[in-house]
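Encoded as structure tokens, the structure appears first; notes follow it.
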Amino acid sequence: MRIVKLTDDTKKNLLNDLLKRSPNNYTEYSDTVQKIVDDVRKNGNQALFEYTKKFDKADINEDNILVTKEEIEEAYNEVDSHLVEVIRKSLANIRSYHEKQKQYSWFDTTEDGTMLGQKVIALDFVGVYVPGGKAVYPSSVLMNLVPAKVAGVKNIVMTTPCNAEGKVCPTTLVAANEAGINTIYKAGGAQAIAALAFGTESIPKVDKIVGPGNIFVALAKRAVYGYVSIDSIAGPSEIMVLADESANPRFVAADLLSQAEHDELASAILVTTSMELAQSVSEEVDKFISELSRQEIISKSIENYGYILVAENMESAISAANDIASEHLEIVTKNPFEVMMKIRNAGAIFIGEYSSEPLGDYFAGPNHVLPTNGTAKFFSPLSVDDFV
């Protein structure tokens, strides 16, 4: 990994570099996405099925767009029973965490008899988009469905791409069923977002759309915002590790790569006060890349958006962390809680060397739908509040 001394100029250049990954900079796809959205809005199922055939090579129609009970049962036969147990444990952790976020209606009366209050009502209809593609994460299913269920949303539907044979990823179906959702449509991409936003003969119109996706999904969500609500327009994944000389370089390297493996556009940044740690982490990253199965994606990610910034002191390192406002922030220092109190801008914070990023993203309970591209300065993770 490249090692750079942290200065105002290097930080500015880094921020400019990271912002290039924002969906707002992919305007060359905007017209294409808008045409798809307009076509589905006007022609409903006909357009939806044509785009599904074009992009996913699948023959989907009114009779097979909805996932059947038999398909869900078949998915359980294809998913390892140990993984099903892990999904159930993860689901319990996620539900427990989000139940603490619930707001309740309240009313208050003043001495003169005036009554004021706040009425908290769940949204009526929510659509959850779950991506397919290079990697499928059952955790994304749980992270989007659980807070909606905890909020009390009565009507939740899910759309997800199928393969050319019309099959949906089995782990996606198992995770959705475990979360209590069995209305699942075989539709992906911008056309699925348009279908949820405006409705078709098969897919109902919803009030809010949540869930991650590729650049076409992100731009489609932006295009339909205002007709429906959305959670956010997410950019590529990112991780920052804030560390001093006490950190274990192998642990740090492993966690940097936990996000670099997602996408060629993912960013992995170490900010440290120790040049010795910086050099050791760089060496460990090289070792890992030579061993890991997704080494081509990791190598491109590290080459394009991987940085090790060496700061003069911890105050400067913390300042950089707040300016960059990373989606995931790990604090691996001698006094991580003290450092954490000085962090203002991050999507999720992981404290100490045993609080690994994948543990939080998949299992611990806090939501992994997080603000990216510096938007942690003004956005929060997905929560129960998003569904009331």
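Computed from a prediction, not measured in an experiment: that's the story for all the values here.
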Next on the checklist: For a side chain to side chain contact (heavy atoms under 4.5 Å, CB included) check, start with the C-alpha distance between V128 and I181, then their side-chain angles and the critical distance, and finish with the verdict.
Outcome noted: CA-CA 10 Å; V128 174; I181 303 300; over 6 Å; no
Next on the checklist: If you apply the rule side chain to side chain donor-acceptor pair (under 3.5 Å), what do you find for Y137 with D361, and how did you get there?
Outcome noted: CA-CA 10 Å; Y137 298 99; D361 252 12; over 6 Å; no
Checklist entry - Distance-only, no hydrogens or angles: does the D231 side chain make a donor-acceptor pair with backbone N or O of G211 under 3.5 Å? => result yes
Next on the checklist: Before you tell me yes or no, could you show the steps for D385 and Q103 under side chain to side chain donor-acceptor pair (under 3.5 Å), namely the whole-Å CA-CA distance, both residues' side-chain angles and the distance that decides it to 0.1 Å?
Outcome noted: CA-CA 8 Å; D385 287 345; Q103 292 192 58; 2.9 Å; yes
Checklist outcome for this item: side-chain contact (heavy atoms from CB on, under 4.5 Å) filter on C162, not counting sequence neighbours, yields A58, I60, V168, K186
Next on the checklist: Just to verify, what does E296 make a side-chain contact (heavy atoms from CB on, under 4.5 Å) with, not counting sequence neighbours?
Outcome noted: K300
Next on the checklist: Restricting to side-chain contact (heavy atoms from CB on, under 4.5 Å), what partner residues turn up for D38, sequence neighbours left out?
Outcome noted: Q34
Next on the checklist: For L48 versus I203, what's the shortest heavy-atom pair and its separation?
Outcome noted: CD2-CD1, 3.8 Å
Next on the checklist: Determine whether a donor-acceptor pair (N or O, by modelled atom type, separation under 3.5 Å) exists between the side chain of H328 and the backbone of E238.
Outcome noted: yes
Next on the checklist: Nearest 0.5 angstrom please: I324 CD1 to N345 CG, how far?
Outcome noted: 11.0 Å
Checklist entry - Would you say V228 and V388 are hydrophobically clustered, going by side-chain heavy atoms of ILVMFWY under 4.5 Å? => result no
Item to check | Donor-acceptor contact below 3.5 Å, side chain S258 vs main chain D255 | outcome: yes
Next on the checklist: When you compare the side chain of P366 with that of P381, does any pair of heavy atoms fall below 4.5 Å?
Outcome noted: no
Next on the checklist: Going by salt bridge (Lys or Arg N to Asp or Glu O under 4.0 Å), name the residues that satisfy it together with E50, two or more places apart in sequence or in a different chain.
Outcome noted: none
Item to check | pair M275-I3: side-chain heavy atoms closer than 4.5 Å | outcome: yes
Checklist entry - Does any N or O in the side chain of Y129 come within less than 3.5 Å of the main-chain N or O of G189, such that one atom is a donor and the other an acceptor? => result yes
Checklist entry - Any donor and acceptor pair, going by atom type alone, linking the side chain of D9 with main-chain N or O of K12 inside 3.5 Å? => result no
Item to check | ring-ring contact (aromatic ring centres under 6.0 Å, His included) against Y227, all qualifying residues, sequence neighbours excluded | outcome: F198
Item to check | Pairwise side chain to side chain donor-acceptor pair (under 3.5 Å) hits with a residue in residues 275-291, at least two apart | outcome: R250-E284
Checklist entry - Sequence neighbours excluded, which residues qualify as salt bridge (Lys or Arg N to Asp or Glu O under 4.0 Å) partners of E327? => result none
Item to check | Residue pair K69 / N182, side-chain heavy-atom distance below 4.5 Å | outcome: no
Next on the checklist: Determine whether a donor-acceptor pair (N or O, by modelled atom type, separation under 3.5 Å) exists between the side chain of K377 and the backbone of D323.
Outcome noted: yes
Checklist entry - Could K154 and D124 be called an ion pair, given the rule that one side-chain N must be under 4.0 Å from one carboxylate O? => result no
Checklist entry - Which residue pairs pass the side chain to side chain donor-acceptor pair (under 3.5 Å) test when at least one of the two sits in residues 203-215, sequence neighbours left out? => result none
Checklist outcome for this item: Of I209, I233, I230, the one forming a side chain to side chain contact (heavy atoms under 4.5 Å, CB included) with Y225 is I230
Item to check | Pairwise side-chain contact, L196 with Y185, heavy-atom cut-off 4.5 Å (strictly under) | outcome: no
Item to check | Short side-chain to backbone donor-acceptor contact, N322 and R344, under 3.5 Å | outcome: yes
Next on the checklist: If hydrophobic clusters are built by linking Ile, Leu, Val, Met, Phe, Trp and Tyr wherever their side-chain heavy atoms come under 4.5 Å apart, do V79 and L173 end up in the same one?
Outcome noted: yes
Checklist entry - Does one hydrophobic cluster hold both I351 and V271, with members joined at side-chain heavy-atom distances below 4.5 Å? => result yes
Checklist entry - Can you name the residues that form a side chain to side chain donor-acceptor pair (under 3.5 Å) with T160, not counting sequence neighbours? => result none
Checklist outcome for this item: dist T52:OG1 -> D59:CG (nearest 0.5 Å) comes out at 10.0 Å
Next on the checklist: I need the N335 CG to M341 CE distance, nearest 0.5 Å.
Outcome noted: 12.5 Å
Next on the checklist: Looking at every heavy atom in both G213 and P131, which two are closest together, and how far apart are they?
Outcome noted: CA-CB, 4.3 Å
Next on the checklist: I'd like to know if the side chain of N144 reaches the main chain of V130, judged simply by a donor and an acceptor atom lying under 3.5 Å from each other, with no hydrogens or angles considered.
Outcome noted: no
Item to check | Under 3.5 Å donor-acceptor, N248 side chain and F251 backbone | outcome: yes
Next on the checklist: Are V120 and F125 linked, directly or through intermediate hydrophobic residues, by side-chain heavy-atom contacts shorter than 4.5 Å (ILVMFWY only)?
Outcome noted: no
Next on the checklist: What I want to find out is whether E71 reaches K167 closely enough, with some N-O distance under 4.0 Å, to be called a salt bridge.
Outcome noted: no
Checklist entry - Between V174 and L83, does a side chain to side chain contact (heavy atoms under 4.5 Å, CB included) hold up when you go through it step by step? => result CA-CA 10 Å; V174 168; L83 178 55; over 6 Å; no
Checklist entry - Can any side-chain N or O of E78 pair as donor or acceptor with the backbone N or O of P170 at less than 3.5 Å? => result no
Checklist entry - Which is it for R222 and S30 under the side chain to side chain contact (heavy atoms under 4.5 Å, CB included) test, yes or no, and what are the steps along the way? => result CA-CA 10 Å; R222 188 174 72 176; S30 296; 3.4 Å; yes
Checklist entry - So how far is it from L14 CG to L309 CG, rounded to the nearest 0.5 Å? => result 5.5 Å
Checklist entry - Are I298 and M1 joined in one hydrophobic group, where the rule is that I, L, V, M, F, W and Y side chains link up if heavy atoms are under 4.5 Å apart? => result yes
Checklist entry - When rounded to the nearest 0.5 angstrom, what distance separates CZ in F55 from CD in Q191? => result 6.0 Å
Item to check | Derivation and outcome, side chain to side chain contact (heavy atoms under 4.5 Å, CB included), residues L382 and F387 | outcome: CA-CA 9 Å; L382 191 71; F387 297 98; 4.2 Å; yes
Checklist entry - Can you list every side chain to side chain donor-acceptor pair (under 3.5 Å) pair that touches residues 309-319, not counting sequence neighbours? => result none
Item to check | Pairs meeting criterion side chain to side chain donor-acceptor pair (under 3.5 Å) with involvement of residues 265-274, two or more places apart | outcome: none
Next on the checklist: Could you check whether any side-chain heavy atom of V126 comes within less than 4.5 Å of a side-chain heavy atom of V206, counting everything from C-beta outward?
Outcome noted: no
Checklist entry - Measuring from L370:CG to F379:CZ, what's the distance to the nearest 0.5 Å? => result 13.0 Å
Checklist entry - Does any non-hydrogen side-chain atom of F216 lie less than 4.5 Å from one of I36? => result no
Next on the checklist: Using side-chain heavy atoms (C-beta onward) and a distance below 4.5 Å, is K11 in contact with L6?
Outcome noted: yes
Checklist entry - Looking only at heavy atoms, what is the nearest atom pair of P212 and V217, with distance? => result O-CG1, 4.3 Å
Next on the checklist: Do I94 and M143 have side chains that approach each other closer than 4.5 Å (heavy atoms only, starting at C-beta)?
Outcome noted: yes
Checklist entry - E85: what forms a salt bridge (Lys or Arg N to Asp or Glu O under 4.0 Å) with it, not counting sequence neighbours? => result R88
